[in-house]
Amino acid sequence: MPTLTVRVKRFDGKKSWWQEYKVDVKSRRVSVLDVLLRIKEEQDPTLAVRYSCRMAICGSCGMVINGVPRLACQTLLTEIKDDVITVEPMWNYRVIKDLVVDTEPNFDKLKKIKPYILRDVKEIYESDKEFGQKPEDLEKYYNFAYCIECGLCMSACPVVATNPRFLGPMALAAAYRWSADSRDQGWPIRAKIVDSDEGVWSCHLAYTCSAVCPRGVDPGFAIQLVKVALMRRAKRL
Amino acid sequence: MEILKHDLLIIGSGIAGLRAAAQAAYTAKIDIAIISKVQVMRSHSVSAEGGMSAVLYPDKNNDSLDLHAYDTIKGSDYLADQDAVELLVRMAPLEVRYLERIGVPWSRHPDGRIYQRPFGGMSVPRTTFAADKTGFFIMSTLWQETLRFDNIKYYHEHFVTKLIIENGEFRGVTAIDLKTGELKLILAKAAIIATGGAGRLYRFTTTAHSTTGEMLGYAMRAGLALKDMEFVQWHPTALVPSGILVSEAARGEGGYLVNKEGERFMKRYAPQKMELAPRDIVSRAILTEIAEGRGFVHEESGMGYVGLDLRHLGEEVLNQKIPFIRELAHKYAGVDALSELIPVRPAVHYTMGGIHTDTYGRVLTPSGEWVKGLWAAGEAASVSVHGANRLGSNSLSECSVWGRLTGEQAAKYAMEAPAPSTDEKYIKIAQEEESRIFDKLLHKETNGISVYELKGRLQDTMEQHYGPFRHESTMKEGIPKLLKIREDFSRIRIEDGSRIYNQNLKDALELDGMIDVALAVAYGALARQESRGAHYRLDYPKRDDVNWLKHTLAYFVGGQLQLSYVPVRITKWTKFEERKY
């Protein structure tokens, strides 16, 4: 029955400090989120953590755990050999309180790349047709549709860290996902948006985004695919 | 205090809420706001795995709308309103195709048609899916679809504390902006409540931490009625010990359930449909196996469980059709489904009951009048299409269908309705609400009861007294415990005194609403002296159509919970068979 030491970087809106909690766990097959929730319920209800599904699909609980941006619910103690766990809010965001950061700027960037099927809206809303899609066409974008918008990629990106205007891996991967969908006709419009300093050309290929993605989306690769399409002046992806 | 005005307010941001927003935004150039206690793409609908039912290709699948309706009505143990079911099955294919047009990555046949798989209680394969992350893909696509419209505003992480309904008309809400701790008064011409179910009334549940259902309690406080709350669905296969969902898709794709003797025990409970019997039947079968000593025992938690056997399905099916199940079992139970049994047991999964509405999702008072300007959709509503037991994959259809229907109706209503009144009395209501929350609730003396201790007591009481096997004596013992919890809430201790992102306060406000919802479940279950669908009584093991073919309504009269009953709407399925599968 190990006793964990959990070091949390806290912030109350004005000042920041490190706080240590001791937690006894029966088994290591529990997540960092489980441990944080026990601290909230049993020791310190003032600790703020954003969380919901606890199964790595809602994208709420991104944070920096022992130096790596990860989802707390997807990080089991079995993967952390140490009995000391250090938890910080995600980098590259304004901290609201403790581990809760403001990820809403990500959603504004997402909106900029028009993350929806671009074609006749009337056809979408008033027809009853099935556009249809072959499995091989689905494969072209499927992996990039797994994005849960947790924002970990934005937290790990060195360019986002220095250039807040950079659209960043989350929105740019979405630009590829939507443009590569056989039902979409929006590539010419999105190409203009991402072919810019705020777009793909600011990416330095650090690939930290892909390294931390909890769903294997590989936004770094998506950005390279967009660059290739721009260079070739492709009519569609 | 900030006072905001919109034409249409959508409370809740799951599939029903987002679908309503998209349809409303397309229907009319009105000012729409989505308000959610989470960031809007994070609602619990993301956790839905298995799929969405719809009759897409009747000729190829030997299917028909009538067959889908029949399966649903029989699955509901005849408590569903048949006109609502007919609307569901007629609209569901339209919705699957709409979701296809906005970009949901449905799994496909080689010719480009949408693939469908078998599901429990469905006569033929009619469950449309996107691998085993169907809910996630629909949510992600719908949320991004709403970004198409500039007339939708998002209130992320705003917690609604009160519905303002006056003279039978919706007026607005008060809500706390969790990021700042500021109380806002949001006035609107119309609203749609789409806040989901109440799975977290119980301790062992597949649902997200956010699925607390307080809005259902707040709805009763605002004079509305809840319908059929005693019908709580236990999903047969939740991962032990976490409760994380293992989708019915696992059995739809051919998975077996086995006890510790290696026997496929479903042959003794549902010899024809086996593992694909409806959820109430499979859940009781698993619990019976465990109770009679044929289950496994989980070492750390002491939980009994059975094995979900997917070994014979092979790597390709696991990786292509149900990859998330393999991932979740590996991550959270430490087993590889390709070579080991997955440890599963039933967990609370779905709230069949909800806010009393008519067939179109219009919210009704206890006496059956429409509350003008107010709709409810999705799991928060009881329309009712699921009756006493929901069939797997009918909920995504319901959310999408009634999201669309209510979005369209509410948008048209809001176009015609006069601007929301900013009368002083609403400001006064909001000021009183601010005082109730920040002066009274937040500043409690230090010797009170912890929010989490009290919430634990509530969950334990529900597990022990209102579980899948119910009896008058145990249910009667539960009532005073719930009433004591209600009383003890007045002595709650909130340790976080700050305004910014005060989750301790939010948790207390959730609990406050949950207690009322629990009472509706408890009183409804105690009163219903029969077994029907998910409501199973050891002391009344048979369905009783003579006395109990009716919906329960629960509402407050002078602070006391009252029950009354309304008839089930029957159209053409008049032969009430015994449910054998």
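Convention: sequence-line order gives letters A, B, ...; per-chain numbering from 1. Side chains included, hydrogens not; waters and symmetry mates left out as well; all remaining heavy atoms used.
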Under 4.5 Å from any heavy atom of chain A, what part of [X] do you find: side chain, backbone, both or neither?
| X | result |
| --- | --- |
| B/Ile494 | neither |
| B/Thr180 | neither |
| B/Ala333 | backbone |
| B/Tyr154 | neither |
| B/Val104 | backbone |
| B/Glu299 | neither |
| B/Lys455 | neither |
| B/Leu94 | both |
| B/Ser210 | both |

Checking salt bridge (Lys or Arg N to Asp or Glu O under 4.0 Å) for the pair B/Asp150/A/Lys111: CA distance, chi angles, key distance, verdict? CA-CA 10 Å; B/Asp150 289 323; A/Lys111 185 177 167 93; 3.0 Å; yes
Only pairs of heavy atoms separated by less than 4.5 Å count here; which of [options] has the most with chain B?
| options | answer |
| --- | --- |
| A/Lys40, A/Lys122, A/Glu41, A/Gln133 | A/Gln133 |
| A/Val100, A/Asp44, A/Asp137 | A/Val100 |
| A/Gly13, A/Ala56, A/Ser182, A/Ser27 | A/Ser27 |
| A/Ala174, A/Ser31, A/Cys53, A/Ser127 | A/Ser127 |
| A/Leu47, A/Leu118, A/Val49 | A/Val49 |
| A/Tyr141, A/Trp178, A/Phe107 | A/Phe107 |

Which heavy atom in [X] sits nearest to a heavy atom in [Y], and how many Å separate them?
| X | Y | result |
| --- | --- | --- |
| A/Ile57 | B/Val46 | CG1-O, 3.7 Å |
| B/Gln144 | A/Tyr116 | O-CD2, 3.3 Å |
| B/Ser107 | A/Leu138 | CA-CD2, 4.4 Å |
| B/His109 | A/Pro135 | O-CD, 3.2 Å |
| B/Pro105 | A/Arg177 | CD-NH2, 4.4 Å |
| B/Thr206 | A/Arg54 | O-NH1, 3.3 Å |

For a 4.5 angstrom cut-off between non-hydrogen side-chain atoms, does [X] reach [Y]?
| X | Y | value |
| --- | --- | --- |
| B/Arg42 | A/Ile148 | no |
| A/Phe131 | B/Arg97 | no |
| A/Lys97 | B/Gln503 | no |

Determine, stepwise, if the pair B/Glu100 / A/Lys129 fulfils salt bridge (Lys or Arg N to Asp or Glu O under 4.0 Å). CA-CA 9 Å; B/Glu100 199 260 357; A/Lys129 67 166 74 160; over 6 Å; no
Is it the case that atom [atom1] in [X] sees more than 12 heavy atoms from other parts of the structure closer than 6.0 Å?
| X | atom1 | result |
| --- | --- | --- |
| A/Lys134 | NZ | no |
| A/Arg165 | CZ | no |
| A/Phe221 | CZ | no |

Separation between [atom1] of [X] and [atom2] of [Y], rounded to the nearest 0.5 Å:
| X | Y | atom1 | atom2 | result |
| --- | --- | --- | --- | --- |
| B/Leu147 | A/Lys114 | CG | NZ | 10.5 Å |
| A/Asp128 | B/Tyr98 | CG | OH | 13.0 Å |
| B/Leu178 | A/Arg50 | CG | CZ | 9.5 Å |
| A/Thr46 | B/Leu505 | OG1 | CG | 13.5 Å |
| A/Asp102 | B/Tyr501 | CG | OH | 10.5 Å |
| B/Lys179 | A/Arg94 | NZ | CZ | 8.5 Å |

Test of ring centre spacing under 6.0 Å for B/Phe137 and A/Tyr142: yes
Less than 6.0 Å separating the ring centroids of A/Tyr146 and B/Phe136? no
Worked check of side chain to side chain contact (heavy atoms under 4.5 Å, CB included) between A/Leu37 and B/His209: CA-CA 11 Å; A/Leu37 293 184; B/His209 287 287; 3.5 Å; yes
NZ/NE/NH1/NH2 to OD/OE distance under 4.0 Å, [X] and [Y]:
| X | Y | result |
| --- | --- | --- |
| A/Glu130 | B/Arg113 | no |
| A/Asp12 | B/Arg499 | no |
| A/Glu139 | B/Arg108 | no |
| A/Arg215 | B/Glu327 | yes |

We want to know whether [X] and [Y] form a side-chain donor-acceptor pair, criterion being a heavy-atom distance below 3.5 angstrom.
| X | Y | value |
| --- | --- | --- |
| B/Lys331 | A/Gln74 | no |
| B/Trp143 | A/Glu149 | yes |
| A/Glu42 | B/Tyr452 | no |
| A/Thr103 | B/Gln39 | yes |

Mind ranking [options] by heavy-atom pairs under 4.5 Å with chain A and telling me who comes out on top?
| options | result |
| --- | --- |
| B/His44, B/Glu453, B/His156 | B/His156 |
| B/Gly456, B/Ala208, B/Ser45, B/Gly497 | B/Ala208 |
| B/Val38, B/Ile114, B/Thr211, B/Thr146 | B/Ile114 |
| B/Ala131, B/Pro110, B/Ser498, B/Ser450 | B/Pro110 |
| B/Met41, B/Arg404, B/Arg148, B/Glu145 | B/Arg148 |

Determine, step by step, whether A/Tyr125 and B/Arg101 satisfy the side chain to side chain contact (heavy atoms under 4.5 Å, CB included) criterion, reporting the C-alpha distance in whole Å, the side-chain angles of both residues, the deciding distance to 0.1 Å, and the verdict. CA-CA 9 Å; A/Tyr125 278 83; B/Arg101 292 192 298 280; over 6 Å; no
